[in-house]
Protein chains: 2
Amino acid sequence: MATGRNHRPATSRSRGIPEATVARLPLYLRALTALSERSVPTVSSEELAAAAGVNSAKLRKDFSYLGSYGTRGVGYDVEYLVYQISRELGLTQDWPVVIVGIGNLGAALANYGGFASRGFRVAALIDADPGLAGRPVAGISVQHTDELEKIISDNGVSIGVIATPAGAAQQVCDRLVAAGITSILNFAPTVLTVPDGVDVRKVDLSIELQILAFHEQRKAGEEPHGEHDEDTAPPAAPPAAAVAKRPRSKRPESGPDGDVPAVMPA
Amino acid sequence: MATGRNHRPATSRSRGIPEATVARLPLYLRALTALSERSVPTVSSEELAAAAGVNSAKLRKDFSYLGSYGTRGVGYDVEYLVYQISRELGLTQDWPVVIVGIGNLGAALANYGGFASRGFRVAALIDADPGLAGRPVAGISVQHTDELEKIISDNGVSIGVIATPAGAAQQVCDRLVAAGITSILNFAPTVLTVPDGVDVRKVDLSIELQILAFHEQRKAGEEPHGEHDEDTAPPAAPPAAAVAKRPRSKRPESGPDGDVPAVMPA
DNA sequence: TAGTGTGAACCTCTTCACAGCA
DNA sequence: TGCTGTGAAGAGGTTCACACTA
């Protein structure tokens with residue numbers, strides 16, 4: 001997952017497209033683009049929903065926020081919808097982007113084809129290591145951090161990607177913001193502090209794994225398989241109340257499956 | 001952002017920790033780990049919330065699902081909380097992980113320190129390119145896809161990371177699942193189809209950028225700055241109704257800021 | 001007294017179910 | 001007839017505000 005808002009209460013009165021819907025538009029767009037390439041002229045909400053991995057009611061509701069772009073009894077015109085969603089997302093214009101921190105991840109991002117194909121243009125790669133400066137990555141010459149401010153203003157960049165180590169992230173962030181950047185995609189495992197008006201989204205690789213681990217852990221104690229157990233109480237798991245209402249004496253001597261309170265390093 | 005559930009209606013009756021809370025536990029854990037390293041003995045919900053980038057009421061509510069681990073008038077014991085959250089997330093055990101697709105991104109993931117430090121162990125790197133086989137990446141020798149099933153069963157791996165191109169992802173996914181993997185972190189820009197009981201989480205770099213672009217686009221039309229405009233109607237934006245209730249004749253000749261319905265390539 | 005733990009209000013998001021239209 | 005568009009119901013998540021207690 002990725003988190004990070006920085007907005008008014010979400011569905012702000014400004015325009016009325018719910019955040020949750022905005023987050024799914026790129027998904028629909030990808031599915032539609034694939035259909036478009038196969039020259040499919042129209043799709044039903046059912047088909048498109050399946051391709052995007054959501055249910056059709058949600059998809060229809062989402063589209064209803066954009067306007068009435070479908071045809072009853074028929075479905076949606078693929079090309080037209082691609083255009084409308086692109087426009088809604090602001091992808092009909094060109095977005096120059098800078099990537100700061102050209103380590104493994106930065107390089108991976110620079111090479112990632114998904115950017116260029118969606119209106120994002122990597123305007124510059126920036127790294128603090130003078131040894132990297134001048135070296136080409138993904139066909140773009142890496143520039144030194146000293147140039148950061150100049151690069152941003154010269155190219156009118158408003159979106160920055162931070163792929164530095166955690167320690168450098170806030171500092172880089174501050175410089176990006178001071179230079180005029182108003183949207184940041186942060187890959188460093190830190191909480192960034194930014195002034196109002198600046199958007200931060202966060203992608204954290206290890207957080208995703210931890211969430212998976214949580215669910216994975218649970219699978220052991222449950223019935224052998226099948227997700228169809230809507231209402232059946234799981235066998236092993238103790239009633240939630242028993243956990244929540246445990247005696248107020250802290251430190252149950254070692255958890256249910258307990259052991260040493262092994263603290264992990266950084 | 002990353003999406004992808006695959007669960008019962010979220011707050012399933014099974015145990016009672018809301019998904020939204022689970023997703024934040026890693027955040028708290030990181031903040032707590034940092035405090036632990038600085039040998040801070042206790043934190044208040046206020047302080048910890050600030051460090052984790054959430055508000056304190058939410059944090060307290062989240063912790064209340066785990067039990068009563070705080071002390072009124074004092075706060076939370078850092079070490080103890082680190083342990084409790086780790087245990088809740090299943091991080092007190094070792095999770096062997098395989099990474100499939102050792103391109104730029106796969107290599108970045110293999111090198112990512114955040115895994116090893118949280119109970120995740122990269123058990124193997126797998127790639128379809130025979131030329132890569134045997135080559136060390138992040139100190140681990142890359143193995144060929146042919147070995148996939150053997151590696152997984154030999155190491156008891158239950159979590160797989162897919163960092164292949166989109167085209168190969170579903171196929172790799174199918175093999176992983178067949179081999180016994182039950183949790184997948186997918187970096188490929190595709191919707192994966194998996195049987196019930198298998199968890200998929202998705203991280204999509206370009207989707208995050210698209211969401212940023214959406215908000216970035218909006219900033220232009222709004223008042224010069226300041227996020228304090230709770231109720232003031234924004235100047236430029238037309239009332240939502242005017243957009244939603246547009247005449248049913250499709251294709252408004254070219255959008256408000258229109259141009260060619262330029263469709264993007266792959 | 002300072003700060004947790006939590007019912008209750010509130011808000012957002014999802015799902016249902018069906019009216020309405022091509 | 002088939003599928004969209006959408007009110008209304010439902011569920012989940014957030015925030016408030018305060019009782020409670022170390």
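We name chains A, B, ... by the order of the sequence lines, and we start the count at 1 in each one.
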Gap between atoms [atom1] and [atom2], on [X] and [N] respectively (whole Å):
{"X": "A/Glu46", "N": "C/dC16", "atom1": "CD", "atom2": "P", "result": "12 Å"}
{"X": "B/Arg60", "N": "D/dC16", "atom1": "CZ", "atom2": "C1'", "result": "10 Å"}
{"X": "B/Lys61", "N": "C/dC10", "atom1": "NZ", "atom2": "P", "result": "15 Å"}
{"X": "B/Glu19", "N": "D/dT14", "atom1": "CD", "atom2": "P", "result": "12 Å"}
{"X": "B/Tyr65", "N": "C/dG7", "atom1": "OH", "atom2": "C1'", "result": "11 Å"}
{"X": "A/Tyr76", "N": "C/dA22", "atom1": "OH", "atom2": "C1'", "result": "14 Å"}
{"X": "A/Arg24", "N": "C/dT15", "atom1": "CZ", "atom2": "C1'", "result": "12 Å"}
{"X": "B/Asn55", "N": "D/dA17", "atom1": "CG", "atom2": "C1'", "result": "13 Å"}

Go through [options] for me and flag the one nearest to the [X] side chain.
{"X": "B/Ser45", "options": "C/dT14, C/dT4, D/dG5", "result": "C/dT4"}
{"X": "A/Ala20", "options": "D/dG13, D/dC16, C/dT14", "result": "C/dT14"}
{"X": "B/Ser68", "options": "C/dG5, C/dA22, D/dT14", "result": "C/dG5"}
{"X": "A/Pro18", "options": "C/dG3, C/dT15, C/dC13", "result": "C/dC13"}

Residues passing the side-chain contact (heavy atoms from CB on, under 4.5 Å) test with B/Ser45, sequence neighbours excluded, are B/Ser56, B/Leu59, B/Arg60, B/Tyr76
* Apply the test side chain to side chain contact (heavy atoms under 4.5 Å, CB included) to residues B/Glu88 and B/Leu25: give CA-CA distance (whole Å), side-chain angles for both, the deciding distance (0.1 Å), then the verdict. => CA-CA 9 Å; B/Glu88 198 64 57; B/Leu25 291 181; 4.3 Å; yes
Next on the checklist: Regarding A/Asp199 and A/Ser183, do their side chains bring together a donor and an acceptor under 3.5 Å, going by distance alone?
Outcome noted: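 A/Asp199 vs A/Ser183: no donor-acceptor pair found between side chains.
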- Item | Side-chain H-bond candidate by donor/acceptor type, A/Ser206 with A/Gln210, under 3.5 Å | yes
Checklist entry - Mapping A/Asp62 and A/Gly73 onto DNA chain D by nearest heavy atom, which one lands closer to the 5' end? => result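 The residue whose closest nucleotide sits nearer the 5' end is A/Gly73.
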Would you please indicate if the ring centroids of B/Tyr69 and B/Phe63 are separated by under 6.0 Å?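 Ring centroids of B/Tyr69 and B/Phe63 are no less than 6.0 Å from each other.
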Comparing nearest nucleotides in DNA chain C, the 5'-proximal residue of the pair B/Val74, A/Ala57 is B/Val74
TODO: State whether the distance check finds a donor on one side and an acceptor on the other, under 3.5 Å, for side chain A/Arg72 versus base D/dG2.
DONE: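 In this structure, the two groups form no donor-acceptor pair.
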